[in-house]
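So you know, we letter chains A, B, ... as the sequences are listed, proteins then strands, and number each from 1.
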Amino acid sequence: MRYWLLKSEPEAYSIDDLKRQNVGMWDGVRNYAARNNIRMMEKGDLAFFYHSSAAMIGIAGIAEVARTAYPDPTQFQKNADHYDPKATTERPIWYAIDMRFKRKFKTLIPLAVLKNDPKLNTMLVVQKGSRLSVQEVKEKDFTYIMNMYAQDI
DNA sequence: GCCAACGTTGGC
DNA sequence: GCCAACGTTGGC
């Protein structure tokens, strides 16, 4: 079992949206490194749901992989933002997964808090310039964050 | 295969 | 809104 961090701009898709849907499609990933991570994700893996480019930036809650990677339908949709003319149904390029809502923190764990914790200084998300939208989280970091910052929230 | 130019991400 | 960092594109 692996742990992940999934970035989303809450204006586009927030943890409240996932909570409402219970199971939501995680689509629109158009970066090869992120895609490769998506294809490694297994059912039951847990992920931090991270809100980026918002008033409150940080980990908003937890989601669980409900369905492993399948071709992202938005790559074939001509009028969609994420349309990719190079992709065909025979040779898809991009993949989506389904995530199930697990938990929303009462207050998100701010990025600044993660950055200020020396124990977390190897996490990808705290590195300057780190843009990867689907990233693996070490089990020790996931557990530590849950114990340290997510007990009473 | 190199690398400059360009577009995008995302924190601040 | 700014801009640093990064990924991608395309000329050579």
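Using cut-offs of 30° and 60° for the angle between ring planes, the Tyr32(A) and Trp94(A) rings count as tilted.
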Name the pairs: protein N/O against N/O of nucleotides 2-9 of chain B, kept only if under 3.5 Å.
| from | atom 1 | to | atom 2 | distance (Å) |
| --- | --- | --- | --- | --- |
| dT8(B) | O2 | Arg131(A) | NH1 | 2.7 |

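A straight line from NE2 of His51(A) to C1' of dG11(B) spans 16 Å, rounded to a whole angstrom.
The shortest distance between side-chain heavy atoms of Lys104(A) and Phe49(A) does not fall below 4.5 Å.
The salt bridge (Lys or Arg N to Asp or Glu O under 4.0 Å) with Arg2(A) is formed by just one residue from the set Glu136(A), Glu64(A), Glu139(A); it is Glu136(A).
Note on Lys19(A) versus Asp16(A): no salt bridge recorded, every NZ/NE/NH1/NH2 to OD/OE distance being 4.0 Å or above.
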| task | Please report the C-alpha distance between Tyr95(A) and Asp72(A) in whole Å, then the side-chain angles of each, then the deciding distance to 0.1 Å, and finally whether the side-chain contact (heavy atoms from CB on, under 4.5 Å) criterion is met. | result | CA-CA 4 Å; Tyr95(A) 287 80; Asp72(A) 180 344; 5.5 Å; no
